[in-house]
Structure formats: structure tokens, C-alpha cells
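Throughout, residue positions are numbered sequentially from 1 according to the sequence presented. What you are looking at is a predicted structure, and each value in this text was computed from that prediction instead of being measured.
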Amino acid sequence: MNEQVIQKLKILTESAKYDVSCASSGTSRKNTRGGVGNTVGGWGICHSFSEDGRCISLLKIMLTNYCIYDCAYCINRVSNDIPRATLSVTELVELTMEFYRRNYIEGLFLSSGVVRNPDYTMERLVRVAKDLRLVHRFNGYIHLKSIPGASEELVREAGLYADRLSVNLEIPTEKNLKLLAPEKDHQSVYLPMKYIQQGIQTYQEERKHYRHTPRFAPGGQSTQMIVGATPETDKDILQVSSSLYEEPTMKRVYYSGYISVNTYDKRLPTLKQPPLVRENRLYQADWLLRFYQFKVDEIVDDQSPNLDLEIDPKLAWALRHPEFFPVNIQTADYEAILRVPGIGVKSARLIVASRRFSRIGFYELKKMGAVMKKAKYFITCNELPDKTIHELGAYGVRKLLPPTPRKKIDERQLSFDFADTEEAAPTNE
């Protein structure tokens, strides 16, 4: 590896670090005779962790950090004076294979700035994946970022070689996207999403009849939204996420707390620190939508459009709805048990399966993984003497629960000062 490529590598990996939408595809791509590597189903990618605690990594890099767009929130915007670099298709393919052979990585996460036009850039991304699969017979994980505005033909071809495709929505609403990225619109993002969805469904249907039909983006698709760059409420963000999850091929929506990289741009808020707690609460609410059968208007509403930063959204819902509790662990259905703070999907399933054989008490619930310091106020079961939310009240329960350790100040972690908007983002005060 020559010095010039190493210098490009440093620049392009640094430019790629702000894209958070890279994780396990949940796919399984077995090694073939004469091939290189494999993708094991369910393993995380990019320094996330597998079920057995193993850390998995991938090469997270951009093909180029040159870009024709001038998005206010992006470090790679055309007006920024930063070091620029471009890898050729051959250089990037060889770099990936060299890293893989040395056991540095187990896959590739590839994005790019837009050069010339979306189709030109997308064609080069596809060539990288195609060369890895067909020339080098690489069977490791590949996640490609589809370029907004790319043609259907290129997106369809990308899906034949990538495990997962993603298109970043970036800003939740069209109005604010136009404010910060005038050259972009949501239509250019939703169209590639539609192409990916159609491709997945078409190939899945064909595979039912012809088992040798190639797989198309078997890990589905994902997207990313920036949190805090614009004054949308958490309700606005979660409504967008909920609508995206209605499509069966959308596997994950990622939330990226806004990092101030272009402080000179007056369209952006004045930042104290990235809204990391808010980002975490959005992920927790996202899980409620995906796995706990909650609706957006149950988590946030017009009276409380933002998530409580001090407690998780499931506990916040429970404190607002004391009439739903206490839940009888011995008789309640699975959906009701899922609503109990401190009881997760796995624990709820164990409870429903186990109570057919014996009565369940405090000790059994703890062994099943329930967080009893929360759950005990919202349930009734065998040998549970503690008072419930009915006796203590919502305020009393909240006061008894140990506070989550956090930094001194975290009011959205932003000083909202939007020069070109009429009002700042509301808070939970």
C-alpha cells in the first residue's frame, strides 16, 4: 500500500465518520468454493457487537469527499475548505481486499459525495461492489449508500451486489431540508427507497419459483435523520419514522445527534453540545414503535410533542396512564405485559410461557430478566408486597425511581437560535 493511498484513506475515513446508519444487515452470505469471506447472520457491523459479545468491524469510507452540493450541515459541502481526496474503483477494491486478508475488517460500508451528477457517482459505487463480488469473489458484508436522485437501473444493479442499501433522509421535513440544502428535495430520496423496495419484493417473489434467483439487498434498507439541526419536534421525527416502517423493507431508521461542524453558517443552531440524550430517547421510542406495538400518538402528542429527557418513553407513558395498571402477571395478555416498564420482549414471552406451569413471583420475574426496580410499581403477582402506582400516584413512583446519571445540563443540549426560522424548537419545560 503506497503512501498516497494511505493519505487518501485517512481523509476519506475521517469524512465518513458522521454517517451513523451502518449496522448489521441480519443477512447470511456463505462462503463459496474459491471465494473469500462470508457474512454471518445476525452479527453487527462497524464496531457493534454480536449476540455472543464479539466485536465486528468494517471499513467505513467514502469513495470521494468532493461534492457538488452545499448542504449547511455537512462537513463535505462544496464551500468548505477541507482536504479532499478521491479513490479510484481499483484502489478501493484492492484496499478492501487487503484489509480483509489481514483480518482488519469483515465488511465494507461505502458512501460518497456527489460528483458531476448522482448517476455518475452511483455508477462508481456499483462498480466497487460488482468488482468485489464478481472479480474477487468477496462474500463479506457490503453496505452501499444509494445516491439521492440516482436512476432506477443503477439502484437495481446495486441491490444485486450489496447486502444492504440505504438512502439518507437527513432532515425530517421538506421545508427545513430546503432551508439547509436548497439543491435537494425529499422526492430524490423517496424514489430510490421505492426502487429498493420494489426490487426486494420482485426478487423475493421470483425466488419462490426459482431457487437460483439472485438475492436483492437481502438486509433490506435503512435511512438516517439528523436530530437538532432544525426545529422539528420529536413527534415530527417519530411520525416520519412510523410512516417509513410501514414499508416492509425498511429495517432501521437511525437518528444522528447534530454535530456543529459549520459554525459559520447562520442557518444552523448555536450548539452547546450534541443532543446525545435526545438521540438516545428517540432510539428508545423507535424500539417501542418496532417491537412494543406502540403508536406515535401514545408516545408523544400535541400537549407533549417532545420526549422526556429524564426518563425513558415507556416509563413516561406508564406514568401518564395509571388507569392501565397494575397489570396482573398471571392473567394479562402478552400485549399488556409488554407495556409494563422494566419488562422487555424476551421477558414478556418467558412470562406468558412459564405461567402455565406455576405461579410467578418476584424471584422468577427477576430471573426472567425483568427490571424489578421499575416493574414492581406496575404489576401484581405472587409475593410482591410493594405498593403499586395506584397507591403511590405517578409523582410518587417517579420520585422513588433512581435517577439516570447524566451531565449537569441537558435541555435538548442545544441553544436553539435559528436565524431564518420564526420560532425555536419547543422544550419539555
Side-chain angles (χ1 to χ4, degrees), residues 2 4-22 58-96 108-132 135 142-162 164-171 177-178 180-193 195-196 221 223-224 226 256 261-262 265:
N2 62 49
Q4 187 179 13
V5 173
I6 293 175
Q7 189 60 35
K8 289 180 181 180
L9 176 66
K10 290 178 181 177
I11 294 171
L12 294 173
T13 52
E14 177 69 18
S15 294
K17 71 180 182 181
Y18 298 103
D19 197 325
V20 301
S21 59
C22 52
L58 83 164
L59 176 60
K60 183 179 180 183
I61 194 169
M62 299 182 75
L63 189 63
T64 178
N65 65 344
Y66 287 95
C67 191
I68 62 175
Y69 297 140
D70 199 29
C71 305
Y73 48 80
C74 184
I75 188 65
N76 300 309
R77 60 190 294 185
V78 66
S79 58
N80 272 357
D81 184 17
I82 60 170
R84 305 280 182 174
T86 301
L87 285 168
S88 69
V89 171
T90 302
E91 285 175 332
L92 185 50
V93 169
E94 290 178 352
L95 196 63
T96 303
L108 172 68
F109 177 90
L110 180 59
S111 60
S112 179
V114 181
V115 288
R116 296 193 187 179
N117 56 65
D119 275 356
Y120 175 81
T121 308
M122 190 68 195
E123 188 269 335
R124 297 181 71 207
L125 294 176
V126 173
R127 279 176 54 201
V128 171
K130 187 176 181 178
D131 283 3
L132 284 170
V135 178
I142 297 179
H143 183 152
L144 284 187
K145 301 297 294 188
S146 182
I147 303 299
S151 67
E152 182 176 2
E153 292 77 13
L154 287 170
V155 174
R156 289 290 184 97
E157 188 177 6
L160 295 175
Y161 307 113
R164 174 172 284 186
L165 294 173
S166 56
V167 197
N168 283 354
L169 191 61
E170 302 294 17
I171 305 299
L177 178 66
K178 283 293 186 185
L180 299 184
E183 303 98 333
K184 292 183 178 178
D185 57 64
H186 275 177
Q187 182 69 8
S188 65
V189 176
Y190 286 125
L191 267 180
M193 285 184 181
Y195 299 151
I196 296 167
Q221 60 177 315
T223 191
Q224 170 181 289
I226 298 173
S256 176
V261 292
N262 299 318
D265 197 312

query = side-chain contact (heavy atoms from CB on, under 4.5 Å) with Tyr73: which of Asn262, Ile226, Val261?
reply = Ile226
ask   = To the nearest 0.5 Å, how far apart are OG1 in Thr121 and CG in Leu125?
value = 7.0 Å
inquiry  = In the structure I gave you, are the side-chain heavy atoms of Leu12 and Leu92 within less than 4.5 Å of one another anywhere?
reply    = no
From Ile147 atom CD1 to Glu123 atom CD, the distance as rounded to the nearest 0.5 Å = 12.0 Å
query = Does Glu91 reach the main-chain N or O of Val5 with its side chain, forming a donor-acceptor pair under 3.5 Å?
reply = no
ask   = Just wondering, are more than 12 heavy atoms of other shown residues or ligands nearer than 6.0 Å to NZ in Lys10?
value = no
ask   = Closest approach of Ser256 and Tyr18, non-hydrogen atoms and distance?
value = OG-O, 4.0 Å
Side-chain (Asn65) to main-chain (Ala85) donor-acceptor, under 3.5 angstrom = yes
request  = Decide yes or no on side chain to side chain contact (heavy atoms under 4.5 Å, CB included) for Thr223 and Glu170, but give the supporting numbers first.
outcome  = CA-CA 8 Å; Thr223 191; Glu170 302 294 17; over 6 Å; no
message = With heavy-atom distances below 4.5 Å as the criterion, would you say the side chains of Val155 and Leu191 are in contact?
response = no
For residues 110-120, run the donor-acceptor check on the side chains, cut-off 3.5 Å, and write out each pair with its distance to 0.1 Å, sequence neighbours left out.
unit_1	atom_1	unit_2	atom_2	d
Asn117	OD1	Asp119	N	3.2
Asn117	OD1	Tyr120	N	2.8
Asp119	OD1	Ser151	N	2.7

query = Taking all non-hydrogen atoms of both residues, which atom of Arg156 and which atom of Tyr195 are closest, and how far apart?
reply = NE-O, 3.5 Å
Side chain His143, main chain Lys60, donor-acceptor under 3.5 Å = no
request  = Check for a donor-acceptor pair, side chain of Lys145 on one end and backbone N or O of Met62 on the other, with a separation under 3.5 Å.
outcome  = no
message = Checking Thr64 now: which residues fulfil side-chain hydrogen bond (donor to acceptor under 3.5 Å, both in side chains) with it, not counting sequence neighbours?
response = Thr86
Rounded distance [0.5 Å steps], CG in Leu58 versus CD1 in Ile142 = 10.5 Å
message = For a 4.5 angstrom cut-off between non-hydrogen side-chain atoms, does Arg77 reach Asp265?
response = yes
ask   = In Å and rounded to the nearest 0.5 Å, what is the CZ to CD1 distance from Phe109 to Ile61?
value = 12.0 Å
key: Non-hydrogen atoms of Ser79 and Asp70 that approach each other most closely   = OG-OD1, 2.6 Å
task = Using atom types as modelled and distance alone, determine if a side-chain donor or acceptor of Arg127 lies under 3.5 Å from a backbone N or O of Thr90.
result = no
key: Rounded distance (nearest 0.5 Å) linking atom CD1 of Ile82 with atom CD1 of Ile11   = 9.0 Å
request  = Give a yes or no answer on whether the side chain of Ser146 reaches the backbone of Leu165 with a donor-acceptor pair at less than 3.5 Å.
outcome  = no
Closest non-hydrogen atom pair, Leu87 against Lys8 = CD2-CD, 3.7 Å
ask   = Do you know which two heavy atoms are closest between Leu108 and Leu132, and how far apart they sit?
value = CD2-CD1, 3.7 Å
inquiry  = So Met193 and Ile196, do their side chains get closer than 4.5 Å, heavy atoms only?
reply    = no
ask   = Distance from Lys184 atom NZ to Ile171 atom CD1, nearest 0.5 Å?
value = 9.0 Å
remark   = Smallest heavy-atom separation, Val78 atom then Cys67 atom, equals CB-O, 3.2 Å
